[in-house]
S.K.: 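Mind looking over this structure? Questions follow.
Order of appearance sets the numbers: ligands from 1, and atoms from 1 within every ligand. The residues of the chain are indexed from 1 along the displayed sequence.
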Amino acid sequence: MGISEALMSVQQRINNSAVKARRNSDNIRLVAVSKTVELEKIIEAVKSGISILGENRVQEAREKISNFNNLTQDSMVKWHLIGNLQKNKAKTAVQLFDLIQSVDSQDLAEELNRHAMKAGKKQKILVQVSLSNEKTKHGILEGYLIDLLDKISNMTNLNLQGLMTIPPFFDDPEKTRPYFSRLKHIADRLVDKGYPVHELSMGMSNDFETAIAEGSTMVRVGTAIFGKRSTD
Ligand SMILES: *Cc1c(COP(=O)(O)O)cnc(C)c1O
């Protein structure tokens with residue numbers, strides 16, 4: 001299957017899941033995860049209608065975005081950082097990304113705010129929440145979330161838009177459902193309290209339909225568009 005066919009199929013599945021959940025598919029954005037994917041394929045995806053690309057490494061993204069901008073005059077495309085971010089790369093991340101989905105500590109938020117201020121940018125962010133208690137996973141634990149959101153609300157150059165989560169991997173997408181419904185529940189309660197967490201980034205190739213059923217507004221899909229990655 002070519003990229004444009006794969007993309008049409010993913011888009012169709014998104015639409016079908018939205019209909020089933022009685023949701024408007026306009027409220028579900030597709031982030032094409034292009035980590036490790038070569039530029040020609042990325043350009044093909046953009047020509048086929050992709051407008052948001054997700055990268056998980058700052059270094060890789062920097063080179064790719066620069067090459068992409070040299071080769072295309074496409075200024076409509078937005079890049080999102082979906083992977084763990086180290087503080088020493090915060091400055092570059094602010095230069096490169098429209099949305100940083102992986103903010104999970106006060107230190108990192110402060111560093112991003114500082115660089116955004118210097119750059120005269122209001123940096124859009126999501127806070128990544130860890131719901132699995134797996135120590136290796138990134139993301140802030142639920143018990144510390146409100147405290148972090150309160151700190152962020154005082155950071156004038158950060159624009160908090162929502163929450164992101166990566167559940168543990170299961171072959172059976174049904175097993176991820178409790179994580180998605182949990183994040184939706186947390187976000188709804190926060191919205192009731194006035195926190196601006198309207199975006200919910202959840203769902204990947206294996207489980208984006210389940211995530212949409214549970215309220216995802218942003219799915220991050222790599223393999224189902226670009227095929228299997230050789231490395232991660
Ligand atoms: C790689 C990655 C994805 C995409 O995974 P696929 O299974 O290839 O769709 C989504 N989100 C994050 C954070 C990733 O690192």
S.K.: Is there a polar contact between ligand 1 and Gly222, counting only N or O atoms under 3.5 Å apart?
M.R.: yes
S.K.: Which of the atoms of ligand 1 are close to Thr223, meaning less than 4.0 Å from one of its heavy atoms?
M.R.: 6 (P), 7 (O), 8 (O), 9 (O)
S.K.: What atoms in ligand 1 come closer than 4.0 Å to a heavy atom of Ile82?
M.R.: 11 (N), 12 (C), 13 (C), 14 (C)
S.K.: Taking all non-hydrogen atoms of both residues into account, name the closest pair between Leu39 and Lys64 and its distance.
M.R.: CD1-O, 3.9 Å
S.K.: Near Val221, which atoms of ligand 1 are under 4.0 Å from a heavy atom of that residue?
M.R.: 9 (O)
S.K.: Could you tell me whether the side chain of Thr72 reaches within less than 4.5 Å of the side chain of Val46, counting heavy atoms only?
M.R.: no
S.K.: Which heavy atom in Ala224 sits nearest to a heavy atom in Ala6, and how many Å separate them?
M.R.: O-CB, 3.5 Å
S.K.: With no hydrogens and no angle check, just 3.5 Å: does a side-chain donor-acceptor pair link Glu63 and Gln59?
M.R.: no
S.K.: By number and element, which atoms of ligand 1 are closer than 4.0 Å to a non-hydrogen atom of Arg220?
M.R.: 4 (C), 9 (O), 10 (C), 11 (N), 12 (C), 13 (C)
S.K.: Within ligand 1, which atoms have a heavy atom of Ile166 less than 4.0 Å away?
M.R.: 13 (C)
S.K.: Could you tell me whether ligand 1 has any atom less than 4.0 Å away from a heavy atom of Gln101?
M.R.: no
S.K.: Using a heavy-atom cut-off of under 4.0 Å, does the side chain or the backbone of Asn206 touch ligand 1, or both, or neither?
M.R.: neither
S.K.: Using a 3.5 Å cut-off on N or O atoms only, is Asn56 in polar contact with ligand 1?
M.R.: no
S.K.: Identify the heavy atoms of Leu200 and Gly215 that sit nearest to each other, and give their distance.
M.R.: CD1-O, 3.9 Å
S.K.: Take a 6.0 Å sphere around CZ of Arg62 and say whether it holds more than 12 heavy atoms from other residues, nucleotides or ligands.
M.R.: no
S.K.: Find out whether Val191 and Val197 are in side-chain contact, i.e. whether some heavy atom of one side chain is under 4.5 Å from a heavy atom of the other.
M.R.: yes
